[in-house]
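What follows is a set of notes on a single structure, which appears directly below.
Side chains included, hydrogens not; waters and symmetry mates left out as well; all remaining heavy atoms used. This chain uses plain numbering: 1 for the first residue, then up along the sequence.
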Amino acid sequence: MTPRPTEILRITQGSFEYIYDAFDLLVAQGLVPDDPDTESRLVVAVGFSAPPEKQRDDPRLRGWVGPTETIFGKPWDKGHFIAHTIGGAVEGIEANVFVQRRDLNRGWSEEGRRFRALEKYCGTHPGTFCFSRPIYLDGTSRPAWLEYGLLTAEGELRVEVFDNRG
């Protein structure tokens, strides 16, 4: 596999930092040719859980790329790398949004319940260090797996990897 050129952006929103590979900026600057199989995408989101600063911007999320089921199909949601309930946001650039398995996002499967339990821990323990790291199989922005981790109040590092393939 040929290494992909990168333009790394560091975006701070609230108590989280989003490290973003902005391939589209390289194309816009004429530094690389456009490639329909390569998309800008998140590398990692990291920070400390906190109550949301603003009300969730549902209209903006609904408008991101269009109607979810029409664009992606019924098994998919527009998920957040960092949940809104712990300080994640959708503002201006949608670096915190990705196509996520609906049963994982909503806690409808065993794996989804484990995923939601990690998010819930962060929500009930403000100031928890946590991260979300997508793992990709190709040049698209849809992760095949999602690594999610947190550091408990007792100092235990909890990390799980969740399958996001259809």
Would you indicate whether the side-chain heavy atoms of [Y] and [X] approach each other to under 4.5 Å?
X      : Y      : result
Val32  : Phe23  : yes
Glu147 : Val159 : yes
Arg102 : Pro75  : no
Ile82  : Phe131 : no
Val44  : Phe81  : no
Leu42  : Phe98  : no
Phe162 : Tyr148 : yes
Leu104 : Asn164 : yes

Check: So, does Thr140 use its side chain to make a donor-acceptor pair with the main chain of Thr38 at under 3.5 Å?
Finding: no
Next item on the list: Give a yes or no answer on whether the side chain of Arg116 reaches the backbone of Asn105 with a donor-acceptor pair at less than 3.5 Å.
Entry: yes
Item checked: Whether Tyr18 and Phe16 hold their rings parallel, tilted or perpendicular, with breakpoints at 30° and 60° -> tilted
Checklist line | Atom CZ of Arg10: over 12 foreign heavy atoms under 6.0 Å | finding: no
Checklist line | Face-on cation placement of Arg101 at Trp108 ring, 6.0 Å and 45° thresholds | finding: no
Next item on the list: Validate the cation-pi geometry between Arg41 and Tyr136: distance from NZ or CZ to the six-membered ring centre under 6.0 Å, angle to the ring axis within 45°.
Entry: yes
Notebook entry, point to check: In this structure, which one of Glu119, Arg113, Glu111 forms a side-chain contact (heavy atoms from CB on, under 4.5 Å) with Phe115?
Noted result: Glu119
Item checked: Ala89 to Gln13 - nearest heavy-atom pair and separation -> O-OE1, 3.6 Å
